[in-house]
*Asks:* 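Please find one structure pasted underneath; my questions will follow.
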Amino acid sequence: MIKSAAELALMAQAGSLLAEVFHALGQLTLEGKSTMAINDFVERMIVDEVKARPASKGQYDFPYVLNASVDDVVCHGVPSEHEVLRSGQIVNLDITLEKDGYIADSSTTYLVGEVAYPARRLVAATYHAMWKGIAAVRPGARLGDIGHAIAHYARAHGYSVVKEYCGHGIGREMHEDPQILHYGRPGTGLELEEGMVFTIEPMLNQGKAAIRAEPDQWPVYTRDGKLSAQFEHTVAVTRRGVRVLTLRPGERPLCELK
């Protein structure tokens with residue numbers, strides 16, 4: 001689970017390239033675009049512009065470079081030419097990228113056009129909940145500290161936390177140890193050490209935490225049909241704190257990074 005300084009430098013490079021992809025997505029007008037058109041845009045950028053490999057394509061037989069999860073889709077939304085984004089929707093775009101053997105993973109939930117306040121509030125709370133988890137990362141902290149910080153914030157704002165999916169270690173493989181739960185008790189779980197790299201990616205539901213999945217597990221929906229949002233960053237435990245490897249150009253961290 002511990003990455004060397006050389007490995008961390010390669011992971012930071014992959015994270016920086018993925019951040020460029022998300023920065024470009026942030027400049028797009030998503031309204032009126034199909035989720036497949038967004039997938040194709042991202043694939044061209046990863047392959048042609050940043051000269052990397054879309055790590056999700058082909059993994060677990062998934063044929064696309066991203067997950068596009070709209071409204072009540074919790075995760076694993078499949079891009080489609082027939083799913084055209086409309087004003088008022090929210091969409092999470094989850095993208096992975098591999099460069100020189102190392103993988104970065106990140107996601108953002110976007111507002112499409114004019115979005116009603118309840119949906120905007122959910123998206124904002126999910127973003128802040130992710131940062132609450134990131135702020136808990138430092139050597140000597142425990143995994144339970146991360147999960148508790150996320151769940152405490154989410155519940156205080158009236159949202160539920162999806163428990164079936166979690167963050168994960170990452171490096172040469174997409175999914176490595178440890179698993180990063182988005183709920184937990186402070187002071188419990190594995191102790192964090194300098195050199196660990198993992199994702200923090202809470203999924204918050206507007207209603208209850210219960211989910212339902214199609215037979216092939218793609219996509220996953222909220223059981224009550226209410227909205228779900230997610231944000232994700234790849235982070236590294238540093239000597240004094242945390243470094244966000246997928247921080248976007250111009251993104252303002254909501255905690256002190258050391």
Side-chain angles (χ1 to χ4, degrees), residues 18 22 67-77 90-96 104-111 118-138 141-170 174-175 178-186 188-190 192 196-211 213 219-224 226-237 242 244-248 251 253-255 257:
L18 184 53
F22 277 99
N67 292 119
S69 302
V70 181
D71 288 343
D72 64 334
V73 177
V74 176
C75 60
H76 301 166
I90 62 173
V91 57
N92 176 267
L93 300 177
D94 191 341
I95 307 168
T96 61
D105 188 1
S106 192
S107 83
T108 289
T109 297
Y110 295 92
L111 306 175
R120 288 189 282 113
R121 184 178 184 272
L122 169 68
V123 171
T126 307
Y127 184 68
H128 281 77
M130 176 191 67
W131 279 104
K132 290 293 183 181
I134 293 172
V137 176
R138 64 185 183 281
R142 302 276 181 170
L143 288 181
D145 300 334
I146 299 173
H148 174 76
I150 291 168
H152 178 76
Y153 183 87
R155 291 165 184 159
H157 288 78
Y159 301 115
S160 59
V161 178
V162 174
K163 294 185 175 181
E164 286 83 354
Y165 298 94
C166 60
H168 50 86
I170 189 168
M174 177 85 71
H175 297 112
Q179 291 191 335
I180 313 297
L181 301 181
H182 302 121
Y183 59 95
R185 290 188 295 115
T188 65
L190 183 71
L192 303 185
M196 287 181 176
V197 181
F198 47 81
T199 69
I200 295 176
E201 47 182 295
M203 304 169 195
L204 269 55
N205 290 352
Q206 201 174 44
K208 295 182 179 180
I211 61 173
V220 175
Y221 298 88
T222 59
R223 189 176 296 176
D224 58 15
K226 294 186 178 181
L227 298 178
S228 184
Q230 180 188 18
F231 283 87
E232 175 184 12
H233 269 312
T234 297
V235 306
V237 183
V242 61
V244 180
L245 302 182
T246 48
L247 194 69
R248 321 287 193 244
E251 184 178 14
L254 299 185
C255 71
L257 306 180

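Computed from heavy atoms alone, side chains included, the values below leave out hydrogens, waters and symmetry copies. Fair warning: this is a prediction, and the values are worked out from it, not measured in the lab.
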*Asks:* Work out which heavy atom in L190 is nearest to a heavy atom in P178; give both atom names and the distance.
*Replies:* CD2-CB, 3.9 Å
*Asks:* Is the NE2 atom of H175 crowded by more than 12 outside heavy atoms at less than 6.0 Å?
*Replies:*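 More than 12 within 6.0 Å, yes.
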*Asks:* Could you check whether any side-chain N or O of R142 sits under 3.5 Å from a backbone N or O of G189, counting only pairs where one atom can act as donor and the other as acceptor?
*Replies:*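 Between the backbone of G189 and the side chain of R142 there is a qualifying donor-acceptor contact (under 3.5 Å).
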*Asks:* Could you check if a side-chain atom of V137 sits within less than 4.5 angstrom of a side-chain atom of I146, using non-hydrogen atoms only?
*Replies:* yes
*Asks:* Say you draw a straight line from CE of M196 to CG of L192; how long is it, rounded to the nearest 0.5 Å?
*Replies:*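 Here the interatomic distance stands at 6.0 Å.
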*Asks:* Return the minimal non-hydrogen interatomic distance between F22 and L93, and the atom names on each side.
*Replies:* CE2-O, 3.5 Å
*Asks:* Measure the OG-OH distance between S160 and Y183 for me, rounded to the nearest 0.5 Å.
*Replies:*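 So the OG of S160 and the OH of Y183 are separated by 13.0 Å.
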*Asks:* Can you tell me if E164 has over 12 outside heavy atoms packed within less than 6.0 Å of its CD?
*Replies:* yes
*Asks:* Can you name the nearest heavy-atom pair linking C75 to M203, along with the distance?
*Replies:* CB-CE, 4.0 Å
*Asks:* If we ignore hydrogens and angles and just use 3.5 Å, is the side chain of T109 paired with the main-chain N or O of Q230 as donor and acceptor?
*Replies:* yes
*Asks:* Determine whether E201 and H182 make a side-chain contact, defined as any pair of heavy atoms from C-beta on separated by less than 4.5 Å.
*Replies:* yes
*Asks:* Can you say whether the rings of H128 and Y153 are parallel (under 30°), tilted (30 to 60°) or perpendicular (over 60°)?
*Replies:* parallel
*Asks:* Rounded to the nearest 0.5 Å, how far does CD1 of I170 lie from OG1 of T234?
*Replies:*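 The CD1 atom of I170 is 4.5 Å from OG1 of T234, to the nearest 0.5 Å.
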*Asks:* Parallel, tilted or perpendicular: which describes the rings of W131 and Y127, with under 30° parallel and over 60° perpendicular?
*Replies:* perpendicular
*Asks:* Measuring from atom CD1 of I134 to atom CD1 of I150, what distance do you get when rounded to the nearest 0.5 angstrom?
*Replies:*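 Between atom CD1 of I134 and atom CD1 of I150 there are 8.0 Å.
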*Asks:* Nearest 0.5 angstrom please: L122 CG to Q206 CD, how far?
*Replies:*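 Reported value, rounded in 0.5 Å steps: 5.5 Å.
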*Asks:* Answer yes or no: is there a side-chain heavy-atom contact under 4.5 Å between F231 and T108?
*Replies:* yes
*Asks:* For A151 and V161, work out which heavy atoms get closest and say how close.
*Replies:*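 Closest pair (atom of A151, atom of V161, distance): CA-CG2, 4.0 Å.
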*Asks:* Indicate yes or no for a side-chain donor-acceptor contact from D145 to the backbone of A136 under 3.5 Å, with no hydrogens or angles considered.
*Replies:*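 No; judged by distance alone, with no hydrogens or angles, the pair does not exist.
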*Asks:* Using side-chain contact (heavy atoms from CB on, under 4.5 Å) as the criterion, point out the one residue from I200, I180, D105 that pairs with H168.
*Replies:* D105
*Asks:* Can you see which heavy atom on P219 is nearest to which on G77, and at what distance?
*Replies:*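 Nearest pair, atom of P219 first, then G77: CB-CA, 3.8 Å.
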*Asks:* Which of these, I211, V220, N205, sits in a side-chain contact (heavy atoms from CB on, under 4.5 Å) with S228?
*Replies:*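 Single pass found, and it is N205.
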*Asks:* Do F198 and V235 make a side-chain contact, defined as non-hydrogen atoms from C-beta onward lying under 4.5 Å apart?
*Replies:*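 A side-chain contact under 4.5 Å exists here.
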*Asks:* Keeping the roles fixed (side chain from R121, backbone from H157), state whether a donor-acceptor pair exists under 3.5 Å.
*Replies:*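 Flag set: sc R121 to bb H157 pair under 3.5 Å.
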*Asks:* List the atom of L18, the atom of I95, and the distance in Å for their closest heavy-atom pair.
*Replies:*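 Of all heavy-atom pairs spanning L18 and I95, the closest is CD2-O, 3.5 Å.
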*Asks:* Answer yes or no: is there a donor N or O on one side and an acceptor on the other, between the side chain of D71 and the main chain of I90, under 3.5 Å?
*Replies:* yes
*Asks:* Working to the nearest 0.5 angstrom, can you tell me the gap between L204 CG and T126 OG1?
*Replies:*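 Between atom CG of L204 and atom OG1 of T126 there are 4.0 Å.
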